[in-house]
*Asks:* 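I am attaching a structure below and will ask some questions about it afterwards.
Because only heavy atoms are used, hydrogens play no part in the values below, and waters and symmetry mates are left out as well, while side chains stay in.
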Amino acid sequence: MGALTIKNARKSYGSTEVLKGVDIEIDAGQFLILVGPSGCGKSTLLNMIAGLETITSGEIHIGGRVVNDLSPKDRDIAMVFQSYALYPNMSVRENISFGLDIRKVPKNEQTKIVDNVSQMLQIGPLLDRKPSQLSGGQRQRVAMGRALARKPTLFLFDEPLSNLDAKLRVEMRTEIKLLHARMNTTIVYVTHDQIEAMTLGDRIAVMFGGEVQQFGSPYEVYNNPSNMFVAGFIGSPSMNFIRSTVVKHNSGYGVKVTTSKDQSAVLPIEGSSAALQSYVDKDVVFGIRPEHITNTNPNQPDEATRHVIPCPVDMNEPTGPDTLIFTMLNGQNVVARSHPDEAQERGSVMDLTFDMSKAVLFDRDTEKRIV
């Protein structure tokens, strides 16, 4: 059994079911991200792991022990909150060592632990300051230091970077990732930010409506989404969803697309299988990410999976490393990514290459992936 195992966990408030049977397991040293929009149940699940919320049914195992009925102090966890939760009347040193004091760790050992943690987080010069004398990023480091000093089985992070400005969020994200790599700690991290989820996690649980929509590695979740919610939530800009019709094409199947200039084409679906037979001449949702629609590069090999369509440019949006191209297919807005030097101006027609090896199809009614 892993460092954390959640079996069919449910949570209800009266007749309202907030969590509807969650199953997750991670090994020691893994970094688990719980990600999803507000109200999806991710913070409730974290609080249940911490023992701050009771579990209605199911089991939670930490380090091989069922902890359903254990108090937070007996679960061998440490939690880092969004609001830092530092004691304002204590110095940084006292905040970090507070938990050690409670557990009656000898003073000389406390000093070693505090020195080690402060060096790791680069807060040594701040040890004698009060929280009111620290910046937001420094306070978050102290909150992390207090958790690290305990050396628990499990670290729980509840949206720890949401109060920081954008630049500091990026810096702290890097620090947390480096910290995890150095210490090989087991972390459960709640966020609504899909960039944090993709950059930090070994495993991602994408949540919506009290259920885990998909659980896997960042690569799996990004490249092989199980449904339209996951596909649209992970990625920025999000995946293009184009209502299209499945047609027979050569010896396989494809989707028919039409530009705003009535230029039509059939884009073949790679590896299409018997699953598409029942969808011929029916509407589906054709999903493809902006980076898989890009400017045609004459130096790029002419692969069978790449197909070019001349598309009218409705708008372009420079971002620095690339330029977003806005066009329309089947009457819907579509976003592509182009090299800045190749981007065309509004009103022109630009050859866009579709990498169909990365395309996915979804059922319009169930929103589940077909291929």
*Asks:* Hey, would you say the F31 and H180 ring centroids sit under 6.0 Å apart?
*Replies:* yes
*Asks:* For residues D322 and T319, is any side-chain donor paired with an opposing acceptor at under 3.5 Å?
*Replies:* yes
*Asks:* Can you find a side-chain donor-acceptor pair between D283 and T245 that sits under 3.5 Å?
*Replies:* yes
*Asks:* Could you name each residue pair satisfying salt bridge (Lys or Arg N to Asp or Glu O under 4.0 Å) that touches residues 137-149, not counting sequence neighbours?
*Replies:* R141-E175
*Asks:* Can any side-chain N or O of D23 pair as donor or acceptor with the backbone N or O of N8 at less than 3.5 Å?
*Replies:* yes
*Asks:* Scan for salt bridge (Lys or Arg N to Asp or Glu O under 4.0 Å) pairs involving residues 183-200, sequence neighbours excluded, and state none if there are none.
*Replies:* none
*Asks:* For residues T323 and S338, is any side-chain donor paired with an opposing acceptor at under 3.5 Å?
*Replies:* no
*Asks:* With a cutoff of under 4.5 Å between side-chain heavy atoms, which Ile, Leu, Val, Met, Phe, Trp and Tyr residues group with I102?
*Replies:* Y87, M90, F98
*Asks:* Share the residues that join L178 in a hydrophobic cluster, the rule being Ile, Leu, Val, Met, Phe, Trp or Tyr side chains under 4.5 Å apart at the heavy-atom level.
*Replies:* none
*Asks:* May I ask you to list the residues sharing a hydrophobic cluster with V266, side-chain cutoff 4.5 Å, ordered by chain and number?
*Replies:* V247
*Asks:* Which residues pass the ring pair (Phe, Tyr, Trp, His ring centres under 6.0 Å) test with F241, not counting sequence neighbours?
*Replies:* F362
*Asks:* Tell me, which pairs form a salt bridge (Lys or Arg N to Asp or Glu O under 4.0 Å) where one or both residues lie in residues 52-62, sequence neighbours left out?
*Replies:* K11-E53
*Asks:* Mind listing the side-chain donor-acceptor pairs of residues 208-215 below 3.5 Å, one per line with the distance, residues two or more places apart or on another chain?
*Replies:*
{"from": "Q213", "atom 1": "OE1", "to": "N227", "atom 2": "ND2", "distance (Å)": "3.0"}
{"from": "Q213", "atom 1": "NE2", "to": "F208", "atom 2": "O", "distance (Å)": "3.1"}
{"from": "Q214", "atom 1": "OE1", "to": "S226", "atom 2": "N", "distance (Å)": "2.7"}
{"from": "Q214", "atom 1": "OE1", "to": "S226", "atom 2": "OG", "distance (Å)": "3.3"}
{"from": "Q214", "atom 1": "NE2", "to": "N224", "atom 2": "O", "distance (Å)": "3.0"}

*Asks:* Counting distance only, does the side-chain N/O of E342 pair as donor-acceptor with the main-chain N or O of P340 below 3.5 Å?
*Replies:* no
*Asks:* May I ask you to decide if V67's main-chain N or O and R75's side chain share a donor-acceptor pair within less than 3.5 Å?
*Replies:* yes
*Asks:* Would you say S118's side chain and D115's backbone share a donor-acceptor pair under 3.5 angstrom?
*Replies:* yes
*Asks:* Using distance only, find each side-chain donor-acceptor pair of residues 329-336 under 3.5 Å and give its atom names and separation, not counting sequence neighbours.
*Replies:*
{"from": "N330", "atom 1": "OD1", "to": "T258", "atom 2": "N", "distance (Å)": "2.7"}
{"from": "N330", "atom 1": "ND2", "to": "R243", "atom 2": "O", "distance (Å)": "2.8"}
{"from": "N330", "atom 1": "ND2", "to": "S244", "atom 2": "OG", "distance (Å)": "3.3"}
{"from": "N330", "atom 1": "ND2", "to": "K256", "atom 2": "O", "distance (Å)": "3.2"}
{"from": "Q332", "atom 1": "OE1", "to": "R243", "atom 2": "N", "distance (Å)": "2.9"}
{"from": "Q332", "atom 1": "NE2", "to": "N330", "atom 2": "O", "distance (Å)": "2.9"}

*Asks:* Quick one: does L324's side chain get under 4.5 Å of N316's, heavy atoms only?
*Replies:* no
*Asks:* Under 3.5 Å, is there a donor-acceptor pair between the side chain of E109 and the main chain of P106?
*Replies:* no
*Asks:* Whether the side chain of T56 engages the backbone of S12 through a donor-acceptor N/O pair (distance < 3.5 Å, no angle test) should be reported.
*Replies:* yes
*Asks:* What pair of heavy atoms forms the shortest contact from P268 to H307, and how long is it?
*Replies:* CG-NE2, 3.2 Å
*Asks:* Table please: side-chain donor-acceptor pairs of residues 34-50 below 3.5 Å, with sequence neighbours left out.
*Replies:*
{"from": "K42", "atom 1": "NZ", "to": "G36", "atom 2": "O", "distance (Å)": "2.9"}
{"from": "K42", "atom 1": "NZ", "to": "P37", "atom 2": "O", "distance (Å)": "3.2"}
{"from": "N47", "atom 1": "ND2", "to": "S43", "atom 2": "O", "distance (Å)": "3.3"}

*Asks:* If only side-chain N and O atoms count, and only distance matters, is there a donor-acceptor pair under 3.5 Å linking T153 with D76?
*Replies:* yes
*Asks:* Test of understanding: with ring pair (Phe, Tyr, Trp, His ring centres under 6.0 Å), list the residues that count as partners of F157, not counting sequence neighbours.
*Replies:* Y189
*Asks:* Clusters formed by hydrophobic residues whose side-chain heavy atoms approach within less than 4.5 Å: which one holds I195, and what are its other members?
*Replies:* none
*Asks:* Look at the side chain of D27 and the backbone N and O of L4, then say whether any donor-acceptor pair between them is shorter than 3.5 Å.
*Replies:* no
